[in-house]
Amino acid sequence: SCVPVYPVDCVKTRVQNTVGGDMDKNSITSPLEIAQDLYDNRGVSGFVDGLTPKILRCAVLYAVSFSVYEHILSLLLYTPPVVEAIV
């Protein structure tokens, strides 16, 4: 789920870094302008730089989350064996 939205996240991060900073009349503020500038200066690779560490982080996060979820689920659904009384 990290990969399809990563280019949008790159543009969002650049928008957040420009808004509120030292902006002059020539600064780029629109997300479309930022995306165009990113593409013009760095090409398609500008939208995927840093994707490998993010994928690795997501993989570890999801693996740990899944393991913890499964462990807690097994604890919650555990039913002790029934011992019948000898009469």
Side-chain angles (χ1 to χ4, degrees):
S1 70
C2 300
V3 177
V5 296
Y6 193 75
V8 176
D9 192 47
C10 285
V11 173
K12 175 200 61 115
T13 301
R14 288 179 183 262
V15 168
Q16 289 174 338
N17 287 337
T18 59
V19 173
D22 295 331
M23 296 181 356
D24 56 1
K25 294 192 183 248
N26 296 327
S27 68
I28 301 170
T29 57
S30 150
L32 291 176
E33 290 175 342
I34 290 176
Q36 184 64 46
D37 184 59
L38 184 61
Y39 181 76
D40 289 344
N41 291 331
R42 304 197 50 207
V44 176
S45 67
F47 292 99
V48 293
D49 282 348
L51 184 60
T52 303
K54 179 141 184 156
I55 289 175
L56 294 174
R57 188 178 70 216
C58 285
V60 171
L61 173 72
Y62 294 142
V64 169
S65 297
F66 182 74
S67 298
V68 169
Y69 170 78
E70 287 294 320
H71 181 69
I72 290 175
L73 188 66
S74 69
L75 291 174
L76 291 174
L77 297 178
Y78 174 73
T79 54
V82 177
V83 179
E84 295 182 23
I86 301 175
V87 181

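Keep in mind that the numbers below use all heavy atoms, side chains included, and drop hydrogens, waters and symmetry copies. Quick caveat: nothing in here was measured; it's all calculated off a predicted structure.
- For the atom pair CG (Leu75) and CD (Glu70), the distance works out to 11.5 Å, reported to the nearest 0.5 Å.
- Residue Leu77 holds its CG atom at 11.5 Å from CD1 of Ile72, rounded to the nearest 0.5 Å.
- Going from atom CG of Leu38 over to atom CD of Glu33 covers 13.5 Å, rounded to the nearest 0.5 Å.
- The OH atom of Tyr62 sits 14.5 Å away from atom OG of Ser67, with the distance rounded to the nearest 0.5 Å.
- Follow the hydrophobic side-chain contacts under 4.5 Å out from Val48 and you reach Ile55 in the same cluster.
- Residues Val60 and Val68 share a single hydrophobic cluster, defined by chaining ILVMFWY side chains whose heavy atoms lie under 4.5 Å apart.
- Here Arg14 does not pair with Asp37 in a salt bridge; the nearest charged N to carboxylate O distance is not below 4.0 Å.
- Here the closest heavy-atom approach between residue Cys10 and residue Phe47 is recorded as SG-O, 3.5 Å.
- When side chains are defined from C-beta on, Val15 does not count as touching Lys12, because their heavy atoms never get closer than 4.5 Å.
- Put simply, CD on Gln16 and CD1 on Ile34 are 10.0 Å apart, with the number rounded to the nearest 0.5 Å.
- Judged by distance alone, with hydrogens and angles left aside, the side-chain atoms of Tyr6 form a donor-acceptor pair with the main-chain N or O of Asp49 at under 3.5 Å.
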